[in-house]
Participant: 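One structure coming up, written as structure tokens, with questions to follow.
Values below: all heavy atoms of this structure, side chains included; hydrogens, waters and symmetry mates excluded. Residues take their numbers from the sequence shown, with the count starting at 1.
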Amino acid sequence: MSHFKRVKSNVKGGVDVELGEKTIIIGPNGSGKSAIQNSLELATRGFVTDLTGRAEVRRESDLFSLGDDLTLFAEAELDDGTQFRWETKRTAKGSVRKAEPTQPMPVAWPVLDIEAMLRGNTDTQRKWILRMASGVITREAIHAHVTDTDLYDSIADGLRMSEADALTRVTDLSASKATKAKSAMESSEKTIESM
């Protein structure tokens, strides 16, 4: 498994740190612990956490509070040489340019993903749980809980995706059809009442 070898940025006064396979960052307040984390987040995902009490900060103009007046950048390098970079600059008129990220592969931040899922609505949470369980959900397990297995199979087979993703998609389609049917029924009831 890869690990970050180095992180460099101008976040919170600047970071230039070599990292090992297992690195523990300790120090007193103001010593730069969160600057290292924010630099890694910015380089790999294009946002930072826990800035001014906000869970995630993504807007370039808001992120400028982390850097100097003209530019904000973060670089991270994996032990295999893979490079991540995120950078934004102010224009001559003072506006902030859209960030220019170089993110060659997705990087997992499991705790951040779980926090985002928990802040979401029940639909977001359901989809996340199904995505995490995608290796254990089988057609047989779904058949044990679905009343119309033929209908499920006809929809799921056409989707050509994992069972967890197919289950999510079929559930979404069913909810959409139920909403439309309810709306049509309410419309019919109003027509009957007015007649």
Participant: Output yes when a side-chain donor or acceptor of Ser95 lies under 3.5 Å from a complementary backbone atom of Thr91, and no otherwise.
Facilitator: no
Participant: How many angstroms lie between atom NZ of Lys177 and atom NZ of Lys180, to the nearest 0.5 angstrom?
Facilitator: 9.0 Å
Participant: Answer yes or no: is there a donor N or O on one side and an acceptor on the other, between the side chain of Ser174 and the main chain of Val170, under 3.5 Å?
Facilitator: yes
Participant: What pairs meet the side chain to side chain donor-acceptor pair (under 3.5 Å) rule with one or both residues in residues 12-27, with sequence neighbours excluded?
Facilitator: Arg6-Asp16, Lys12-Ser34, Lys12-Asn38
Participant: At their closest point, which heavy atom of Val15 faces which heavy atom of Val17, and how far apart are they?
Facilitator: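 Here Val15 and Val17 meet closest at CG1-CG2, 3.7 Å.
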Participant: Using the test side-chain contact (heavy atoms from CB on, under 4.5 Å), find all partners of Ser188 that sit at least two apart in sequence or belong to another chain.
Facilitator: none
Participant: Report yes or no: does Asn10 contribute a side-chain atom to a donor-acceptor pair with the main-chain N or O of Ala74 at less than 3.5 Å?
Facilitator: no
Participant: For Ala76, check side-chain contact (heavy atoms from CB on, under 4.5 Å) against everything at least two apart and list the hits.
Facilitator: Phe4, Leu40, Ala43, Phe84
Participant: Report the distance from atom OG1 of Thr82 to atom CE of Met105, rounding to the nearest 0.5 Å.
Facilitator: 4.0 Å
Participant: Using modelled atom types only, decide if a donor and an acceptor are shared between the side chain of Gln103 and the backbone of Thr44 within a distance under 3.5 Å.
Facilitator: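 Yes: the side chain of Gln103 pairs with the backbone of Thr44.
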Participant: About how many Å separate CD of Glu87 and CG of Leu42, when rounded to the nearest 0.5 Å?
Facilitator: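 CD of Glu87 is found 10.5 Å from CG of Leu42.
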Participant: Would you mind reporting whether Trp86 and Arg45 have side-chain heavy atoms less than 4.5 Å apart?
Facilitator: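 In short, these two side chains do not touch, never coming nearer than 4.5 Å.
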Participant: Where is the tightest heavy-atom contact between Gln37 and Thr49, given as atom of each residue plus distance?
Facilitator: NE2-OG1, 3.4 Å
Participant: If you measure from CZ on Arg85 to CD on Glu75, what distance do you get to the nearest 0.5 Å?
Facilitator: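 CD of Glu75 is found 4.0 Å from CZ of Arg85.
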Participant: Measuring from atom CG of Asp79 to atom NZ of Lys5, what distance do you get when rounded to the nearest 0.5 angstrom?
Facilitator: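 Atom-to-atom, Asp79:CG and Lys5:NZ are 8.0 Å apart.
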Participant: Of all the heavy-atom pairs spanning Pro28 and Ser31, show the shortest one and how long it is.
Facilitator: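 Scanning both residues, the minimum pair turns out to be O-OG, 2.7 Å.
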Participant: Calculate, to the nearest 0.5 Å, the distance between atoms OG and CG belonging to Ser9 and Leu72 respectively.
Facilitator: 7.5 Å
Participant: Between Phe64 and Thr88, is there a side-chain heavy-atom distance shorter than 4.5 Å?
Facilitator: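 Yes - at least one pair of side-chain heavy atoms lies under 4.5 Å apart.
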Participant: Could you tell me which non-hydrogen atom of Ser39 sits nearest to which non-hydrogen atom of Val7, and how far apart they are?
Facilitator: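 Ser39 and Val7 have their closest heavy atoms at CB-CG2, 3.6 Å.
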Participant: Side chains of Gln83 and Thr102: do they bring a donor and an acceptor to under 3.5 Å?
Facilitator: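 Side-chain D/A pair, Gln83 to Thr102: absent.
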Participant: As a quick check of understanding, evaluate side chain to side chain contact (heavy atoms under 4.5 Å, CB included) for Glu60 and Arg97, giving each step before the final call.
Facilitator: CA-CA 8 Å; Glu60 288 87 348; Arg97 290 185 183 160; over 6 Å; no
Participant: How about CD on Glu100, more than 12 heavy atoms from neighbouring residues, nucleotides or ligands closer than 6.0 Å, or not?
Facilitator: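 Check fails, neighbour count at 12 or below.
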Participant: Please report the closest heavy-atom contact between Gln125 and Met117, naming both atoms and the distance.
Facilitator: CG-O, 3.2 Å
Participant: Grab the two heavy atoms, one from Asp80 and one from Ser2, that are nearest each other, plus how far apart they are.
Facilitator: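 So the two residues come closest at OD2-OG, 4.0 Å.
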Participant: Quick one: are Arg139 and Tyr152 in side-chain contact, heavy atoms under 4.5 Å?
Facilitator: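 Heavy-atom side-chain distance check passes, below 4.5 Å.
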Participant: Please determine whether residues Val96 and Leu70 belong to a single hydrophobic cluster, defined as Ile, Leu, Val, Met, Phe, Trp and Tyr linked transitively by side-chain heavy-atom distances below 4.5 Å.
Facilitator: no
